[in-house]
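Input: a single structure, listed below in structure tokens.
Note: hydrogens, waters and symmetry copies are ignored here, and every other heavy atom, side chains too, is used. Chain letters run A, B, ... following the sequence lines, proteins first, then strands; residues in each count from 1.
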2 protein chains.
Amino acid sequence: MTGDPRLARLSINHKTVEGWPMPDFVDGVAAAGLSALGTWREPVAEYGLERSAKLIRDAGLRVTSHCRGGFLTATDPAARAAALEDNRRAIDETATLGAESLVMVVGGLPAGSRDLLGARERVAEALAELAPYAGERGVRLSLEALHPMYCADRAVLSTLAQALDLAAPFPSAQVGVVVDTFHLWWDPEVWRSIARAGDRIASFQVCDFLMPIPADALMARGHMGDGVIDFPPFVAAVEAAGWTGAVEVEIFNADVWAQPKAEVVETVKQRFLDVVLADAVVPDGVLPDGVPA
Amino acid sequence: MTGDPRLARLSINHKTVEGWPMPDFVDGVAAAGLSALGTWREPVAEYGLERSAKLIRDAGLRVTSHCRGGFLTATDPAARAAALEDNRRAIDETATLGAESLVMVVGGLPAGSRDLLGARERVAEALAELAPYAGERGVRLSLEALHPMYCADRAVLSTLAQALDLAAPFPSAQVGVVVDTFHLWWDPEVWRSIARAGDRIASFQVCDFLMPIPADALMARGHMGDGVIDFPPFVAAVEAAGWTGAVEVEIFNADVWAQPKAEVVETVKQRFLDVVLADAVVPDGVLPDGVPA
């Protein structure tokens with residue numbers, strides 16, 4: 001399996017191996033024969049930004065995403081200014097790491113607020129401030145639509161179509177979108193939205209959606225094959241839309257986090273080959289008319 | 001409050017007072033000065049169909065919805081035939097009760113299946129069998145889009161737009177849609193969809209969406225005002241679309257179910273007047289262009 005050339009397309013997000021110190025993470029990904037990883041701000045800061053960037057570079061790895069910016073819905077002016085400043089730092093980090101994009105989780109309703117439309121407007125306004133800053137530094141922001149069960153507390157951005165509308169005013173090199181199977185699998189419009197996304201796709205993340213949803217809904221993610229998502233249509237759809245980048249695996253799951261990290265990476269590799277890249281008939285309706293399945 | 005003429009628009013779904021025996025439920029709704037209720041199949045069957053219909057009629061109440069038909073995604077031919085037959089019985093009940101519509105929860109993925117597109121196709125096929133049967137009996141089916149967190153286990157129908165697409169082949173008198181705040185509040189397309197729905201709206205159900213989502217996600221509903229939903233825009237939007245029917249309150253919540261039933265009804269009345277019908281500025285983007293807020 002390690003020599004399978006298809007593994008060149010696989011990236012491991014640090015969250016999948018939560019708690020693995022940065023040097024072990026980088027060594028582990030390289031030792032597994034992989035060439036890409038996704039970073040999170042906290043472990044990067046803990047190990048040191050420049051030091052992390054050098055470590056990853058020296059290992060010959062590339063950073064497919066840096067997680068995460070966002071949380072742009074505050075109404076309080078001081079909180080809003082702080083959020084924007086924090087996002088500028090996240091953009092700077094993304095540039096230093098040479099990451100392909102900074103994933104943006106836009107934020108939920110402020111505490112006690114029910115003004116969903118207002119929260120969405122504030123995201124758009126904040127993006128207008130951040131996108132040029134990112135562009136000047138060669139950084140691409142990738143807007144992540146989260147599953148609607150997180151609309152109140154994490155992201156008022158709930159569908160890929162909405163992410164594309166939000167991205168539309170900006171150059172594609174400044175603002176792209178994430179296609180994340182966990183968040184989007186249920187959406188009847190997702191195939192149309194992926195086709196529409198085209199070169200706006202800045203990140204393709206996968207993990208499975210577990211049932212029943214656990215008490216902590218954030219932890220409803222699992223290894224590909226353990227849940228309800230049919231992955232090959234997503235692979236076919238993003239490829240038909242022009243995506244040639246990595247498939248990044250990001251799993252929030254306490255059981256996975258408790259396992260030996262190298263074993264988790266091996267399971268991810270196996271599932272990537274057997275489940276995500278499985279030979280499968282792509283159902284009608286997934287690909288745009290005229291694109292062979 | 002009891003004399004407030006606006007209460008003529010309020011309907012209490014039996015699920016809100018789960019466990020109240022049919023005669024007490026009917027008496028309680030009438031004693032609260034209300035004129036409408038929503039029924040569920042199990043308590044109707046327990047008390048007797050004809051007997052329930054007479055009881056409700058004699059109390060001068062109308063039935064705004066009968067809950068529920070659906071669960072139409074089985075692949076096994078015997079299970080599918082049984083589901084269709086069960087839905088025909090639910091349609092018959094709806095006719096006997098004189099209910100304004102039969103709410104349809106279409107069903108999730110069959111156990112072990114990941115074929116979401118196939119499940120959706122089977123719903124459409126089943127509807128093509130059931131809609132004429134309903135039409136012959138003067139019954140209207142109302143398709144209920146459920147929150148996407150129920151996509152795998154309850155309803156592969158996740159948005160109002162998708163419900164309208166599913167309803168489109170049938171006469172509006174045969175197949176309508178439910179607008180349920182709990183399921184739809186997060187949807188960035190919901191305002192456009194409500195405007196598009198027009199006379200397809202067959203039921204308007206409300207309750208609030210509680211955060212955090214409890215371990216049993218089915219129980220994430222609460223009294224209006226206890227969660228994150230802004231109700232007045234929904235009232236304005238369905239009215240602008242032409243809806244003049246009832247506002248039906250359906251709450252799944254173990255704490256609510258444990259309270260004295262008459263108190264629950266009083267709370268619902270109060271919240272209906274104070275929260276749902278609150279005077280509020282309708283945000284831009286909710287109503288179609290040209291409709292004054």
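- Note that CH2 of Trp186(B) and CG of Leu116(A) are 10.5 Å apart. Values are rounded to the nearest 0.5 Å.
- Interface residue Met211(B): only side-chain heavy atoms are found under 4.5 Å from chain A.
- In this structure, no portion of Asp216(A) lies under 4.5 Å from any heavy atom of chain B.
- Scanning both residues, Asp284(B) and Leu117(A), for their nearest heavy atoms gives O-CD1, 4.1 Å.
- For chain A, the nearby part of Trp191(B) is the side chain; its heavy atoms alone come within less than 4.5 Å.
- With respect to chain A, the highest number of heavy-atom pairs below 4.5 Å among Ser158(B), Ala217(B), Ala152(B) belongs to Ala152(B).
- When heavy atoms are compared at a cutoff of 4.5 Å, Asp115(B) does not approach chain A at all.
- Annotation: maximal heavy-atom pairing with chain B below 4.5 Å, among Gly112(A), Ala215(A), Cys151(A), occurs at Cys151(A).
- Arg114(B) places no side-chain N or O within donor-acceptor distance of the main-chain N or O of Phe231(A), the cut-off being under 3.5 Å.
- Contacts of Ile229(B) with chain A are made by backbone atoms alone, with heavy-atom separations under 4.5 Å and no side-chain atom involved.
- Taking both residues in full, the closest heavy atoms of His147(A) and Met149(B) are given as CE1-N, 3.4 Å, listed atom of the first, atom of the second, then distance.
- The line from CG of Asp153(A) to CD1 of Ile213(B) is 7.0 Å long, rounded to the nearest 0.5 Å.
- In this structure, Thr159(A) OG1 and Asp187(B) CG are separated by 7.0 Å, a value rounded to the nearest 0.5 Å.
- Scanning both residues, Pro188(B) and Gln162(A), for their nearest heavy atoms gives CG-OE1, 3.2 Å.
- Within 6.0 Å of the CZ atom in Arg192(B), the count of heavy atoms belonging to other residues, nucleotides or ligands does not exceed 12.
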